[in-house]
2 protein chains.
Amino acid sequence: MIRRSLRAGAPLLQAMEQLKTVGLRPTRQRLALAQLLFERSSRHVTAEQLHGEARGAAVRVSLATVYNTLHQFTSAGLLREVVIDPGRSYFDTNTSDHHHFYDQAHCALSDIPGHAVSLAFLPQAPDGSVVERVEVIVHIRKVPR
Amino acid sequence: MIRRSLRAGAPLLQAMEQLKTVGLRPTRQRLALAQLLFERSSRHVTAEQLHGEARGAAVRVSLATVYNTLHQFTSAGLLREVVIDPGRSYFDTNTSDHHHFYDQAHCALSDIPGHAVSLAFLPQAPDGSVVERVEVIVHIRKVPR
DNA sequence: ATAGTTAATTAGAACCATTCTAATCTATTG
DNA sequence: CAATAGATTAGAATGGTTCTAATTAACTAT
Ligand SMILES: [Mn+2]
Ligand SMILES: [Mn+2]
Ligand SMILES: [Zn+2]
Ligand SMILES: [Zn+2]
């Protein structure tokens, strides 16, 4: 018990810190979801997936709260929403500048480091608007080896 | 009446030609939708929008047929599906190599010619897969002038 | 032209990810 | 320890999309 708490202490404290700095109350549910999301690196999860993981880890949390939390984390800059699949949103724990490979047949997203793609634009943004973000999606397909 | 038929003849024949070459029966509904889609250049429409236009043009067609037709046209290479908005698919009449500006606040899509964007890749596609298409989405935001 | 065959259309139901509601609970503050 | 603002929740509602199975229309062979 004690040993487990001690081990779990570091990521939990880190999660509390994160939540405090973005002005969200560190509730049991948000702390648990933050740990599931951020203890591994670079994840692309759907709300249903994360809800399933929470249940699997014996964390009692409603699907509504999972949705609320994912959106709050996104607004706070802790997550990024990736819209790539009609009718399903992915949430990306990698908020650094990067792009994606996407295998549509397998609904599989993987990262491309931002520095690995360079692009030269001619077109200005339409008059009266400003560029917010450039997103590059490389659609790939599995082939027999 | 006659004058109208004669004028409408050209695009209608063109639409029949298109459908025939992709192996789809030129039904009243598909011909009407093809005309609505292709008589103007570079459109980005949702199924509901196109259905509304058809109704406005006194074309009797069900929403199910609009969906069927959009997907068939997409499979046939006459349209391209653009997934950019969670829970809404756009169909693009421009099937040439090009990219998009997207104003999320106004759900407004506009084209960027393919030749206006050049990119230098370092990353290979993951092992056992091949690049199918590279999609660039430039997220823009309207600013006060 | 006609009949037979195949494909397309349709209304309405079903689906399903997501959002909403309003009641309950919890963290925070004084 | 109140009082209050904020968070969670079950379950209903939403809305774009897909499905179903019955009807209608296009095509093919005669
Ligand atoms: Mn969202
Ligand atoms: Mn689709
Ligand atoms: Zn990513
Ligand atoms: Zn386009």
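Within every chain, numbering begins at 1; the chains are lettered A, B, ... in the order of the sequence lines, protein sequences first and strands thereafter.
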Please state how far atom OH in B:Y67 lies from atom C1' in D:dT20, giving the value in whole angstrom units.
17 Å
Any Lys/Arg nitrogen of B:R43 or B:E53 sitting under 4.0 Å from an Asp/Glu carboxylate oxygen of the other?
yes
With a 3.5 Å distance limit and no angle check, can you tell me whether A:H71 reaches the backbone of A:T69 through a side-chain donor-acceptor pair?
no
Distances under 3.5 Å only, N/O to N/O: pair up the protein atoms with those of nucleotides 28-30 of chain D.
none

Which whole-number value in Å describes the distance from B:N68 CG to D:dG16 P?
18 Å
Starting at atom CZ of B:R30, determine the distance to atom C1' of C:dA8, rounded to an integer number of angstrom.
6 Å
Residue pairs fulfilling salt bridge (charged side-chain N to carboxylate O under 4.0 Å, His left out) with at least one residue in residues 60-75 of chain B, sequence neighbours excluded
none
Applying side-chain hydrogen bond (donor to acceptor under 3.5 Å, both in side chains), can you list everything that pairs with A:R55, at least two apart in sequence or on another chain?
none
Quick test: give all pairs of protein nitrogen or oxygen and nucleotides 27-30 of chain C nitrogen or oxygen below 3.5 Å, distance rounded to 0.1 Å.
from   : atom 1 : to    : atom 2 : distance (Å)
C:dA27 : N3     : A:R25 : NH1    : 3.4

One would report the end-axis bend of the helix from C:dA1-D:dT30 to C:dG30-D:dC1, five pairs per end and rounded to 10 degrees, as 30°
Spacing of B:L70 atom CG relative to D:dT18 atom P, expressed in whole Å:
10 Å
Below 4.0 angstrom, which residues in residues 45-64 of chain B have at least one non-hydrogen atom near DNA chain C?
B:R60, B:V61, B:S62, B:A64
Given atom CG of B:D85 and atom C1' of D:dT17, what is their separation to the nearest angstrom?
14 Å
When the aromatic ring centroids of B:H115 and B:H98 are compared, is their separation below 6.0 Å?
no
B:D103/B:K142 ion pair, N-O < 4.0 Å
yes
